[in-house]
Protein chains: 2
Amino acid sequence: MQPTLNDVAREAGVSSITVSRYFNSPDSVREATRVKVEAAIEKVGYVRNMIAGSLASASSRVIPVIVPSLSNVVFIDVIKGLQDEFEAHGYQLLLGKTDYDLARETQLIRTFLGWSAAGLVVTGLRHDDATRQILENWNQPIVEIMELGEGLDLNVGMDHVAAGRAMTEHLLARGYRTIHFAGAELDRDYRAAMRYAGHREALAAAGIEDAPLLDLPVRQQMTSGAQALERIKATFPDCDAIHFANDDMACGAILAAARLGVRIPDDIAIAGFNGLPIGEHVTPRLTTIVSPREQIGRMAARKLLARINGEPVGELSHDLGFTLRVGGST
Amino acid sequence: MQPTLNDVAREAGVSSITVSRYFNSPDSVREATRVKVEAAIEKVGYVRNMIAGSLASASSRVIPVIVPSLSNVVFIDVIKGLQDEFEAHGYQLLLGKTDYDLARETQLIRTFLGWSAAGLVVTGLRHDDATRQILENWNQPIVEIMELGEGLDLNVGMDHVAAGRAMTEHLLARGYRTIHFAGAELDRDYRAAMRYAGHREALAAAGIEDAPLLDLPVRQQMTSGAQALERIKATFPDCDAIHFANDDMACGAILAAARLGVRIPDDIAIAGFNGLPIGEHVTPRLTTIVSPREQIGRMAARKLLARINGEPVGELSHDLGFTLRVGGST
DNA sequence: CTGAAAGCGCTAACAA
DNA sequence: TTGTTAGCGCTTTCAG
């Protein structure tokens with residue numbers, strides 16, 4: 001059996017609550033006592049039982065993080081940011097994945113709340129009624145990440161419509177006129193669909209007709225990108241630019257172009273979204289929008305921790321912005 | 001306040017232990033009772049309190065997973081495999097990251113054991129004495145992943161020395177004779193160093209002299225790869241092949257080659273390790289070794305769950321193998 | 001198949 | 001600053 005607080009207390013010649021205080025509010029323990037307690041902990045090899053503590057205090061240092069997918073680097077980067085901050089502050093990250101299924105999200109949240117979580121990080125602003133109801137009745141802090149808008153509580157992300165608009169404005173400024181948007185399963189990846197909406201806004205503002213959308217089934221993203229390029233070359237010979245939903249597809253297209261003898265950007269310009277490292281390594285360099293992925297994670301964690309600790313959190317909704325990185329591909 | 005088991009029991013007109021049984025061993029509850037309990041749960045909106053359950057039973061459905069880094073796709077894929085299996089069986093994944101620091105590993109493990117974890121997944125076979133001592137005294141199942149050897153308990157991975165050997169044998173069979181190995185911080189990434197050892201074994205077996213190792217500081221992996229190519233071209237004009245520690249570096253080199261006017265494989269052959277999708281999209285396609293990353297995660301989870309449930313686990317050490325994928329780059 | 005009693009290891013609330 | 005008392009919500013054990 002693992003030693004308990006009582007074992008430590010007995011060894012140190014104090015009461016168990018004093019040992020508890022040593023851990024939870026060290027300042028309220030006298031120096032001399034602290035030394036005795038420390039020695040006793042060392043001697044008996046005590047390890048805190050988080051479960052018992054959480055039950056007694058009705059709160060745990062666990063924070064569930066719910067993402068739709070782990071196959072997308074974007075969420076990996078966000079998790080990295082969250083994990084770094086949580087770990088630094090003694091909180092544990094409990095990982096849940098929905099596979100873009102809102103019912104699954106509800107189920108996960110229900111389970112996680114049974115962990116007396118200190119807070120919750122969830123992807124996106126779109127939820128089931130069931131989820132919404134559960135979370136509205138839950139009185140711990142929540143951060144919804146990735147996009148911006150009316151949220152349940154805190155909200156950290158970027159404006160995807162604006163990002164889509166910014167890229168297409170850039171393409172228009174460069175003189176491209178027949179710009180196709182290409183994505184993969186936009187109904188599921190609705191943030192990409194928001195960027196497409198921004199794309200259309202930019203075209204409308206410039207009085208230019210929208211070229212047909214290319215919405216491919218997801219296979220491997222780079223493969224979809226290569227396929228999109230081929231298909232557009234074959235079907236829409238007038239196309240002079242492709243605005244891809246993400247960098248993977250865009251780079252897939254750039255790499256395929258070399259094989260197909262398509263010159264970029266002379267024959268066709270290519271734009272992406274995310275600012276992944278690979279975009280800097282293809283020739284020509286990819287024009288893309290750098291999304292603040294890891295930053296979103298960090299900021300979300302900081303706000304959540306601030307709220308947990310009763311500190312001021314600033315704005316409820318935090319826009320982390322984005323930057324256009326122009327490469328040779330446009 | 002959340003409703004408790006007692007609230008459900010009162011509502012259903014049974015005792016709380018019956019409700020507990022409804023959850024934990026449904027077969028031991030009569031049909032009629034089950035119906036009443038179900039209705040009561042629904043009515044009061046009961047959510048199981050995992051914390052209380054874990055305290056009473058001294059076990060939780062939490063499984064800590066400790067990885068060195070989240071910046072490496074390899075671990076992401078492994079986590080994906082683990083997460084899928086755990087989630088399917090009602091276990092929660094608690095994520096810890098060591099940054100390649102064994103002391104940090106010890107600390108994480110200590111904390112996690114305080115969660116009455118049902119098992120543990122940890123990366124690698126190299127640990128602190130402190131870690132080793134804690135884990136040897138812990139009587140829950142443990143899986144050490146990625147590499148193969150004498151482990152604490154279960155072990156799932158692949159043979160990195162053999163992988164390095166296989167690749168260099170391939171290069172030798174292709175007629176390359178001055179083969180440099182290039183990695184990034186091999187002291188930290190000791191599994192890459194094992195592949196380097198395999199590389200040297202293959203050279204020694206062929207009676208060929210080892211060319212100098214290129215061990216670069218990690219920046220961005222693809223950048224390191226590009227840099228390695230430049231440096232080798234400048235310093236070792238006789239080099240006819242580079243065996244890279246991973247695909248990121250290898251692809252960085254292939255992409256840089258196009259810019260530098262280096263012909264692959266005519267001027268220099270390039271080989272990688274991992275079998276990432278990008279290797280299939282560069283020109284020429286990358287010759288690499290496909291590592292069973294997600295499979296390692298899945299198998300590790302399955303073995304752990306089997307052990308937890310008292311089922312047979314088969315071999316303690318499970319070699320998932322690897323396959324050589326030959327592209328045009330060699 | 002169902003129940004009563006006891007207690008998991010810790011912390012909140014109050015007291016000294 | 002330290003201690004006492006009484007649970008947190010569940011499961012274990014033993015009884016029926």
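Proteins get letters first, then strands, A, B, ... in listed order; numbering begins at 1 in each.
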Send over the distance from [X] [atom1] to [N] [atom2], rounded to a whole Å.
{"X": "A:Leu55", "N": "D:dA6", "atom1": "CG", "atom2": "P", "answer": "18 Å"}
{"X": "A:Lys36", "N": "D:dT1", "atom1": "NZ", "atom2": "C1'", "answer": "12 Å"}
{"X": "A:Arg10", "N": "D:dG3", "atom1": "CZ", "atom2": "P", "answer": "14 Å"}
{"X": "A:Ile51", "N": "D:dT11", "atom1": "CD1", "atom2": "C1'", "answer": "14 Å"}
{"X": "B:Leu5", "N": "D:dC10", "atom1": "CG", "atom2": "C1'", "answer": "6 Å"}
{"X": "B:Ile17", "N": "D:dT12", "atom1": "CD1", "atom2": "P", "answer": "8 Å"}

### Task
Let me know which of B:Val122, B:Leu152, B:Leu154 forms a side chain to side chain contact (heavy atoms under 4.5 Å, CB included) with B:Val143.
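For B:Val143, the side chain to side chain contact (heavy atoms under 4.5 Å, CB included) check succeeds only for B:Leu154.
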#### Entry: Upstream residue (5' side of DNA chain C) when B:Val14 and A:Ser57 are each assigned their closest nucleotide
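Checking each residue's closest nucleotide, the 5'-ward one belongs to B:Val14.
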### Task
On DNA chain C, check which nucleotide each of A:Asn6 and B:Arg30 is closest to and give me the residue with the more 5' one.
B:Arg30
Could you check whether [X] gets within reach of a base, just the sugar-phosphate, or nothing at all, counting any heavy atom under 4.0 Å?
{"X": "A:Ser54", "value": "nothing"}
{"X": "B:Arg48", "value": "sugar-phosphate"}
{"X": "A:Tyr46", "value": "sugar-phosphate"}

### Summary
Between the CG atom in B:Leu135 and the CD atom in B:Glu105, the distance rounded to the nearest 0.5 Å is 8.0 Å
### Summary
Of the listed D:dT2, D:dC8, D:dC10, the closest approach to the A:Ala56 side chain comes from D:dC8
### Query
Would you call A:Lys97 and A:Asp99 a salt bridge, taking side-chain N to carboxylate O under 4.0 Å as the test?
yes
### Query
Earliest and latest nucleotide of DNA chain C, 5' to 3', sitting under 4.0 Å from a non-hydrogen atom of chain B?
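Counting from the 5' end, contacts occupy C:dC1 to C:dG9.
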Could you verify whether a donor N or O on one side chain and an acceptor N or O on the other, from [X] and [Y], lie under 3.5 Å apart?
{"X": "B:Ser116", "Y": "B:Ser59", "answer": "no"}
{"X": "B:Tyr91", "Y": "B:Glu85", "answer": "no"}
{"X": "A:Tyr46", "Y": "A:Glu11", "answer": "no"}

### Option from B:His160, B:Arg126, B:Glu147 for which side chain to side chain donor-acceptor pair (under 3.5 Å) with B:Tyr190 holds
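The side chain to side chain donor-acceptor pair (under 3.5 Å) with B:Tyr190 is passed solely by B:Glu147 among B:His160, B:Arg126, B:Glu147.
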